[in-house]
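Owing to the predicted nature of the structure, the values given are computational and were not obtained by experimental measurement.
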Amino acid sequence: MKKKYFSISSQMIMGFALMIILVIVLGVVSYIQSRELQNQTKLIYEQSLQVRRAVDNIKIDILKMRVVTRDLMLAKDINEQQEAIESTEIATEQIEQEFNIIKSLYVGPQDDVVKAYDAFLDWKTKRLKNHELVFRGEIDQIKENLKDSGSTGKLRTEMLNRIDVIDRFAFAESE
């Protein structure tokens, strides 16, 4: 039985067509993989990174408020006291905005966010009571409250611990 052979031109056309098909398949696979990589990068950026950035901003604002509280205690006149209170209000608003970012992007248990925010509100309330003590001149009581073992210090530590839970989860998620 005789086998029928393809002519050289037919073989070249089939080889060229096979290479074109292979290049198209590789192009489609590359396109799909790059889209997947883009989606993963976007997910990391839009969620974990922004949550961690918001957590860091909250911590910075908390430190600012601690310094402002000391400035308030050391204020010599009503103008310095007003400046300190305005700085505290600005930092509080910024923390509220950062918590809104966390609430919308955090993929972990929302209970973590609720607990952290509640701890912030408790600390904020106690901090405002310290402001009242400043106006009454009870600086020694404020100093006791601000220590880590004091009432404000304990609330601050609890709040920072709750915020760290969010930060650790977001870090693990990004990894």
Worked verdict on Q141 versus N145 for side-chain contact (heavy atoms from CB on, under 4.5 Å): CA-CA 6 Å; Q141 180 61 46; N145 290 347; 2.9 Å; yes
I95/M65 under side-chain contact (heavy atoms from CB on, under 4.5 Å): CA gap, chis, key distance, verdict: CA-CA 11 Å; I95 288 176; M65 285 196 267; 3.1 Å; yes
Pair R52-D167, side-chain contact (heavy atoms from CB on, under 4.5 Å): steps then yes or no: CA-CA 6 Å; R52 295 200 68 219; D167 193 30; 2.9 Å; yes
Steps toward side-chain contact (heavy atoms from CB on, under 4.5 Å) verdict (K64, Q94): CA-CA 11 Å; K64 284 180 189 176; Q94 290 172 341; 4.2 Å; yes
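To the nearest 0.5 Å, atoms CD1 (I142) and CG (L133) are separated by 5.0 Å. The CG atom of L105 sits 11.5 Å away from the CZ atom of R53 when rounded to the nearest 0.5 Å. Atom OG of S30 sits about 12.0 Å away from atom CG of L37, to the nearest 0.5 Å. If you take OG1 on T88 and CG on D61, they are separated by 10.5 Å, rounding to the nearest 0.5 Å. Atom CG of residue L128 and atom CH2 of residue W123 lie 9.5 Å apart, to the nearest 0.5 angstrom. In this structure, the separation between CD on E144 and OG1 on T152 is 11.0 Å, given to the nearest 0.5 Å.
No chain of hydrophobic side-chain contacts below 4.5 Å, direct or via other Ile, Leu, Val, Met, Phe, Trp or Tyr residues, connects L63 to L146. With hydrophobic clusters built from ILVMFWY side chains whose heavy atoms lie under 4.5 angstrom apart, F169 does not share a cluster with L49. Taking hydrophobic clusters as Ile, Leu, Val, Met, Phe, Trp and Tyr residues chained together by side-chain heavy-atom distances below 4.5 Å, V165 does not share a cluster with L160. Residues L72 and V67 do not share a hydrophobic cluster, defined by chaining ILVMFWY side chains whose heavy atoms lie under 4.5 Å apart. Hydrophobic cluster membership differs between I139 and L74, with clusters built from Ile, Leu, Val, Met, Phe, Trp and Tyr side chains linked at under 4.5 angstrom.
For F135, the CZ atom counts as densely surrounded, since its 6.0 Å shell holds more than 12 non-hydrogen atoms of other residues, nucleotides or ligands. Other residues, nucleotides and ligands contribute over 12 non-hydrogen atoms within 6.0 Å of the CE atom of M14. Heavy-atom neighbours of L22 CG from other residues, nucleotides or ligands within 6.0 Å: above the threshold of 12. Counting heavy-atom neighbours within 6.0 Å of K103 NZ, excluding the residue itself, gives a total above 12. Within 6.0 Å of the NZ atom in K154, the count of heavy atoms belonging to other residues, nucleotides or ligands does not exceed 12.
Each of D111, D118, D112 was evaluated against K115; a single residue qualifies, D111, per the side chain to side chain donor-acceptor pair (under 3.5 Å) test.
No side-chain donor-acceptor contact under 3.5 Å links K124 and T92. Y117 and E96 are linked by a side-chain donor-acceptor pair at a separation below 3.5 angstrom, with hydrogens and angles left out of the test. Side-chain contact, T69 with N130: no donor N or O sits under 3.5 Å from an acceptor N or O. In this model, a donor atom of one side chain and an acceptor atom of the other lie less than 3.5 Å apart for E36 and Q40. Residues N79 and E83 bring no donor and acceptor atom of their side chains to less than 3.5 Å of each other.
For the pair D77 and E80, the tightest heavy-atom approach, listed with the atom from each and the gap, is OD1-N, 2.9 Å. The shortest non-hydrogen separation linking V68 to A84 is CG1-O, 2.8 Å. Nearest heavy atom pair, residue D148 against residue R156, reads OD1-NH2, 2.7 Å. Residues M159 and I62 share a closest heavy-atom pair of CE-CD1, 3.4 Å. I102 and I58 get closest at one heavy-atom pair: CD1-CD1, 3.7 Å. For I101 against A54, the heavy-atom pair with the smallest separation is CG2-CB, 4.1 Å.
Using a 4.5 Å cut-off on side-chain heavy atoms (C-beta onward), D164 and K59 make contact.
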